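What follows is a set of notes on a single structure, which appears directly below.
All values derive from a computational prediction rather than experimental measurement. So that the names make sense, note that chain A is the first sequence line, chain B the second, and so on, each numbered from 1.
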Amino acid sequence: MSALRQLFRFNGGVKPAYHKEASTTLPIAVAPAPTRLVIPLHQSIGGPPRPLVTTGDRVLKGQRIGGADGNVSSAVHASTSGTVLGVEMRLMPHTSGLSALCVVIEPDGRDEWMERQPFDFHAATPTATRDYLRDAGVVGLGGAVFPSHLKLNAGKQGKLDTLVLNGAECEPFITCDDALMRERADALLKGAAIMRDMLAATRVLVGIEDNKPEAIAAMEAAAARTGDDSIQVVAVPTRYPAGGAKQLIRVLTGIEVPHGERSTDHGVQCFNVGTAHAIYEAIALGQPLISRIITVAGNVGQARNYEVLFGTSMRDLIAPCAPLPDTDRIIMGGPMMGFLMPGDDVPVVKATNCVLVGSRALFPPPPPEMPCIRCGECAKACPADLQPFEMYWFSRARMFGKAQEYHLFDCIECGCCAYVCPSRIPLVDYYRFAKSEIWAREVDKEAADQARERYEFRLLREEREKQEKAAKLAAKTAAGREKAAAALAEAEKPARTPEEEAKHALIAAALERAKAQKAQVQPENTGDLSPEQQAEIAAIEARRAEIREQAKPHLRQDD
Amino acid sequence: MFDALFVMALGAIVLGAALGYAAVRFRVEGDPLVEKIDAILPQTQCGQCGFPGCKPYAQAVAKGEAEINQCPPGGEEGIHKLADLLGREFKPLSAEHGIEKPKAVALIDEQTCIGCTLCIQACPVDAIVGAAKQMHTVIAGQCTGCELCLPPCPVNCISMEPIPESVENWKWKYPVIKLVAAQEVAR
Ligand code: SF4
Ligand code: SF4
Ligand code: SF4
């Protein structure tokens, strides 16, 4: 139910051109059936799932093909029925242009579902429900693809105050949440009710930017139909990035989540509206997450929202929208926060909310970067209350510790700062660079700490073994005591004990055998050669070995 | 005049006592400098620095018995960090101790391995598993890439494999700044 309520505001933000009308003129369409599906196994934050199928397997629609690896992971499923053509490395929808493990499926055209069963979450324990959602592959559909089961936790107090549903959808061109709220509001709110119960939240606030009157009307009507006045639909002022989780929480509840704290510490949890719909489908219909609504917009004849099976190629998806001939790039996401794709032959994944078709005319190349004049415009525009120019300065100088002191990791990469910067500095590129360098160092540091621990343990163990050996020897005979002293002295410098002697004899024997085997498989034509010929061969072999030796360091460097 | 002196002296005595007490009460165990240096070192435990491990090298550096540029796995960045910590001048990596290589892990050719256990004894971080006369294998996640297992292998079946770039470990590149002629900017 809509109510007049006091709204708050976040600092900064910008008002870019929205370009949203083009894709909302037509209702959601089902994307044409793909001829081939390439489903990446790793589609969410957390550990990559293990493949559960092999080449030649027949799979049903909704069948699990990747099992969650531990709790911080999420399963993946076959989006239609068919045959597995292979589990192989394929190009990912990722700026790096690298490949990762994918399950390639040839659809059989029958689109045959596996057996589906609703999940009675009222009867199940919260842990069982979370495990179920993990295995149903439900992740955040706002773009961050964080496994939802990890967020559906009532926290320390066992209850939350507010569940915020994010339908703000502030990024230009993207309208997939708008379309979902217009057409599937009832299902979405059923999902919201499930989430509210799991979180033991007292109220649900659905935040929608006021430039989507149809979605607001549809959601209000659906909320009225539920007859449940704990669910409220709230129109929020249109200003990018109102759809940032922290920003929306601030606007709706006035709560400002400080640096280093989680919103749940303040009794609030935030989910995308698409996630609520996915949870409804998983719990009430027993359908795992195998498709989502995706906006195709930008440099196309007809922009539209499609319900798309994961694994569909972006090229197949944009084809019916008639991309214009000057198309030169594909962006996943919007123009502010999206990622450039390495090509159009990459699959659609859970993180794909929009496939933005671009051209030089639509997104002209950025004008040349100029030095920062410290005007402070970026700080005024930053919705996270950061000092972008300071973070830029330290990221650029690779002083990552300093950049972190300015809370680099609170940056949501919204791009407001770069949008207003008069010097046209690609600030976000610097933040992304600095963040990934810091992550890599973090990983190295963890590995080093582990290595240090293992090394110290090994030293300890060696010391203990030495002492144990000496003690054993001493205990054996009285005469042994002298030997023990000698052995202890010996043990200080590396020397061969009888066991080692035996081992070396064994190795020598094995080497002999290996040599004999090698001799046997020598090619026939080198059997009876003159001594000169043999000498020549030996010389060549020696040269070869030498070259190999010399080449080694170069080879490694090249890698 | 004497009052002022007296107040200052009293202050000095009180503060001195407090500091002295704090020094005893909050004493750090071990040598904090060695710990700090050791925290910077990569813990590859390869011995290329001329010491039998990172900790001994850290101790030598702390005592001023070793230069800060002897650790090839730590690379330039490691030397910079040591220079910052110790207030010494940065020096390029000393060539006699080796060169900085991309990270790699050891891989045992399981067909050729004769199960001699010599590599297990060489591995400083117990990253190799196997038993006598059984095939051995390297736990890649734990391998530091020190290469110490290479020389002892009697059948030369261990090789170093560089860690490939993947979507998970890929890093955003440093933004390239395009140099533009002044006229172009003016236009
Ligand atoms: S807006 Fe651009 S020029 Fe101004 S302070 Fe920020 S980074 Fe510097
Ligand atoms: S990209 Fe980061 S620094 Fe820039 S405005 Fe957004 S949150 Fe602030
Ligand atoms: S050279 Fe090897 S042993 Fe020496 S400090 Fe560096 S990593 Fe450690």
*Quick one: which of M89(A), E437(A), Q450(A) has the most heavy-atom pairs under 4.5 Å with chain B, could you say?*
E437(A)

*Which region of T144(B), side chain (C-beta onward) or backbone (N, CA, C, O), has a non-hydrogen atom less than 4.5 Å from a non-hydrogen atom of chain A, or is it both or neither?*
side chain

_Sidechain-backbone polar pair: Y174(B) side chain, R396(A) backbone, donor-acceptor under 3.5 Å_ = yes

*Decide salt bridge (charged side-chain N to carboxylate O under 4.0 Å, His left out) for R452(A) and E446(A); before the verdict, give the C-alpha distance in whole Å, the side-chain angles of both, and the deciding distance to 0.1 Å.*
CA-CA 10 Å; R452(A) 184 186 297 114; E446(A) 232 159 72; over 6 Å; no

*Can you measure from CZ (R454(A)) to CG (D449(A)) and round to the nearest 0.5 angstrom?*
13.5 Å

*Just by modelled atom types, is the P371(A) backbone N or O under 3.5 Å from a matching donor or acceptor in the S423(A) side chain?*
yes

_Flag, side chain of Q43(A) to backbone of K350(A), donor-acceptor distance under 3.5 Å_ = yes

*salt bridge (Lys or Arg N to Asp or Glu O under 4.0 Å) pairs, two or more places apart, involving residues 108-130 of chain B*: R458(A)-D126(B), R461(A)-D126(B)

_Residues from residues 63-97 of chain B approaching chain A under 4.5 Å (heavy atoms)_ = E77(B)

*Given a strict heavy-atom distance threshold of 4.5 Å, which part of E453(A) is in contact with chain B: side chain, backbone, both, or neither?*
neither

*Counterpart residues, ring-ring contact (aromatic ring centres under 6.0 Å, His included), relative to Y431(A) (two or more places apart)*: none

_Residue selection (most heavy-atom pairs with chain B, distance under 4.5 Å) from R398(A), M92(A), R432(A)_ = R432(A)

*asked:* Checking the side chain of S96(A) only, and the main-chain atoms of L98(A) only, is there a donor and an acceptor separated by less than 3.5 Å?
replied: yes

_Interface residues of residues 47-59 of chain B facing chain A - non-hydrogen atoms under 4.5 Å apart_ = P52(B), G53(B), K55(B)

_Working to the nearest 0.5 angstrom, can you tell me the gap between C102(A) SG and I39(A) CD1?_
9.0 Å

*What do the steps show when you test F400(A) against W439(A) for ring pair (Phe, Tyr, Trp, His ring centres under 6.0 Å), and what is the final call?*
CA-CA 11 Å; F400(A) 301 125; W439(A) 278 124; over 10 Å; no

*Flag the one option from K171(B), K103(B), E168(B), E165(B) with the top tally of heavy-atom pairs under 4.5 Å to chain A.*
K171(B)

*Taking the side chain from H136(B) and the backbone from Q134(B), do they hold a donor-acceptor pair closer than 3.5 Å?*
yes

*For each of L459(A), D429(A), V443(A), tally heavy-atom pairs with chain B at distances under 4.5 Å, and name the one with the top tally.*
D429(A)

*In sequence, state the C-alpha distance, the side-chain angles, and the governing distance for E463(A) and K466(A), and then conclude on salt bridge (charged side-chain N to carboxylate O under 4.0 Å, His left out).*
CA-CA 5 Å; E463(A) 186 55 35; K466(A) 217 188 285 170; 3.7 Å; yes

*Where the side chain of S73(A) meets the backbone of G70(A), is there a donor-acceptor pair that is under 3.5 Å apart?*
no

_P42(B) portion near chain A, given a 4.5 angstrom heavy-atom threshold_ = backbone

